[in-house]
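What you see below is based on every heavy atom in this structure, not just the backbone, and it leaves out hydrogens, waters and symmetry mates. We count ligands from 1, going down the list as the structure has it; atoms in each ligand are counted the same way.
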Amino acid sequence: MSVPLLDLKPQNLALEPALQAAFQRVLRSGHYILGPELDQFEAAMASRLQVRHALGVSSGTDALLLSLMALDIGPGDEVIVPSFTFFATAGSVARLGATPVFADVCPVCFNLDVRDVERRLTPRTRAIMPVHLFGQSADMDALMNLARKHGLRVIEDAAQALGAGYRGRPVGGIGDFGTFSFFPSKNLGALGDAGLLVTQDDALAEKARLLRVHGAKPKYVHHLLGANFRMDPLQAAFLSVKLPCLDGYHEARRRHAAVYTERWSALPGVRVADPTACGCVESMMSGAGAGAGARAGAAPLILPVAYSHNEVIWNQYTLRVPGEGRREALRTWLQERGVASEIYYPVPLHRQPCFLPATGDPPSLPVSEHLAGEVLSVPVFPELTSFQIEEVIEGVASFIHGYG
Ligand SMILES: *Cc1c(COP(=O)(O)O)cnc(C)c1O
């Protein structure tokens, strides 16, 4: 593949001496669980994300799990999650015996459709879990208003959105909890699994901190049922090396995304997704419902939108390729030209075998189902060369010209 979807090596090898030094520092410290490396990294993240508390944890998935545990969410409780997201968002809810209730998303920005969330509230609803998918914030004002009105908690799944902003604020610190992932494919990738949990609430932070270490306080006395959710100080040390580079990584992704959008929107019929069709931004609601995406039917390709009120960090650059079989055709076309692409996500979560209701049909979530058949993410990682970007651009352009 001359253009891989993601190549982690150049980014990490560019930092090899510093990463080696970090490893040596941890090795020689003899401190391999929690400790100063983690404290320092947590302080740096709290400051960057403008939150009072940041806890290094074992993964983004465990950050979600820990946040739900700290909120005592369990059997009998419902948590509203988008259907169009990575599995962990809903999986963490189900693992605690609570019920993930799937809501539909906006066809324009891919994030939770607030009006659909409202339709799915029941007396058992305890929390809403917006995901800032592909690096763009969900409509947090509307979600927070809805949550306040109904006394619900909000957990932001910001796994794909570290550094993204919403109306001038970093995402993650807006809800009761924010969760991040340092899985190597995220914008700030560790050399293994790691995650972060953030909150502005002192009591919730204290509880999460206890639950991270089996709930023990004092040592060997357990009032709470926790588990081991700690981030390795070794990963914290590596991440501390990479953190100062993060803005540069974002910049490169933004540059690549801007070039894609500029070049592809010049192709016949191709356009950026129409924000006025967005059902999820209150100020933009103009009677356009969730089905507004269907209007896009005529375009051969729809480019992702970055709202001006959001600071988007482009964890993915995700195209929509309308028309039966056309997404697969584009994917094959690109593959034959050495350009990798990936479908995030091919099966909406409400249709996953493990979430199908025991009896009856799964709920109908038309936008999520539609998007699952249309989306295609193309390489946008920071280290792409201009030659590689040209390959991606040409690959897509020749497909559009060939298919008209
Ligand atoms: C990556 C991701 C997670 C899980 O993070 P891990 O660190 O891999 O456990 C959760 N939610 C979303 C939306 C993600 O993209």
Side-chain angles (χ1 to χ4, degrees), residues 5-6 8 41 45 54-69 79-96 100 102-103 105-106 109-112 127-138 140 143 154-164 166 171-172 175 177-198 212 227-232 234-236 238-239 242 253 304 312-318 342-350 352 354-355 368 371-372 375 377 380-381:
L5 189 71
L6 181 65
L8 301 167
F41 177 66
M45 292 308 294
L55 278 75
V57 295
S58 28
S59 69
T61 304
D62 284 346
L64 289 169
L65 205 55
L66 191 54
S67 65
L68 292 161
M69 288 168 69
V79 178
I80 299 186
V81 299
S83 179
F84 189 64
T85 175
F86 179 62
F87 179 78
T89 313
S92 58
V93 175
R95 260 189 66 192
L96 292 172
F102 298 102
V105 297
C106 160
C109 71
F110 306 127
N111 285 319
L112 264 183
I128 306 171
M129 206 184 258
V131 179
H132 307 306
L133 204 69
F134 305 145
Q136 168 147 248
S137 176
M140 290 310 294
L143 285 164
V154 173
I155 299 164
E156 297 176 65
D157 181 346
Q160 302 182 4
L162 175 64
Y166 173 77
V171 301
F177 277 115
T179 68
F180 296 90
S181 167
F182 304 111
F183 186 81
S185 68
K186 305 296 159 87
N187 280 31
L188 181 64
L191 307 186
D193 277 310
L196 193 81
L197 181 64
V198 303
R212 182 173 66 168
N228 173 359
F229 292 123
R230 299 178 293 255
M231 180 194 287
D232 289 339
L234 187 60
Q235 294 301 343
F238 291 149
L239 287 165
K242 296 187 73 177
R253 285 174 183 271
V312 179
I313 50 96
W314 299 102
N315 182 245
Q316 301 293 342
Y317 188 97
T318 303
E342 189 55 84
I343 300 169
Y344 300 116
Y345 296 91
V347 183
L349 296 188
H350 69 288
Q352 290 290 349
C354 68
F355 292 135
S368 297
L371 288 176
V375 288
S377 297
V380 73
F381 65 92

Which of the ligand 1 atoms, numbered from 1, are nearer than 4.0 Å to a heavy atom of [X]:
X      : result
Val131 : 13 (C)
Ala159 : 2 (C), 3 (C), 10 (C), 11 (N), 12 (C), 14 (C), 15 (O)
Ser59  : 7 (O), 9 (O)
Thr85  : 13 (C)

Sub-3.5 Å N/O-N/O distance, [X] and ligand 1:
X      : result
Thr61  : yes
Leu133 : no
Ser181 : yes

May I ask you to check whether Phe41 and Phe182 place their ring centres under 6.0 Å from each other?
-> yes
The residue among Leu112, Val154, Asn111 that forms side-chain contact (heavy atoms from CB on, under 4.5 Å) with Met140 is Val154
Identify which one of Asp193, Leu239, Asp62 satisfies the side-chain contact (heavy atoms from CB on, under 4.5 Å) criterion when paired with Met231.
-> Leu239
Considering heavy atoms of the protein only, find what lies nearest to [atom] and give residue, atom and distance to 0.1 Å.
atom                    : answer
atom 8 (O) of ligand 1  : Phe183 CD1, 3.7 Å
atom 15 (O) of ligand 1 : Gln160 NE2, 2.8 Å
atom 11 (N) of ligand 1 : Asp157 OD2, 2.8 Å
atom 1 (C) of ligand 1  : Lys186 NZ, 1.5 Å

Report the distance from atom CD of Gln235 to atom OG of Ser59, rounding to the nearest 0.5 Å.
-> 11.5 Å
In Å, rounded to the nearest 0.5 Å, how long is the span from CG of Leu197 to CG of Leu55?
-> 5.5 Å
Parallel, tilted or perpendicular: rings of Phe134 and Phe84 (30°, 60°) | perpendicular
With a 4.0 Å cut-off on heavy atoms, is Asp193 touching ligand 1?
-> no
Is Thr179 touching ligand 1 with its side chain, its backbone, both, or neither, if touching means heavy atoms under 4.0 Å apart?
-> neither
Within the side chain of Ser67, is there an N or O that forms a donor-acceptor pair under 3.5 Å with the backbone of Leu64?
-> yes
Counting distance only, does the side-chain N/O of Thr61 pair as donor-acceptor with the main-chain N or O of Ala88 below 3.5 Å?
-> no
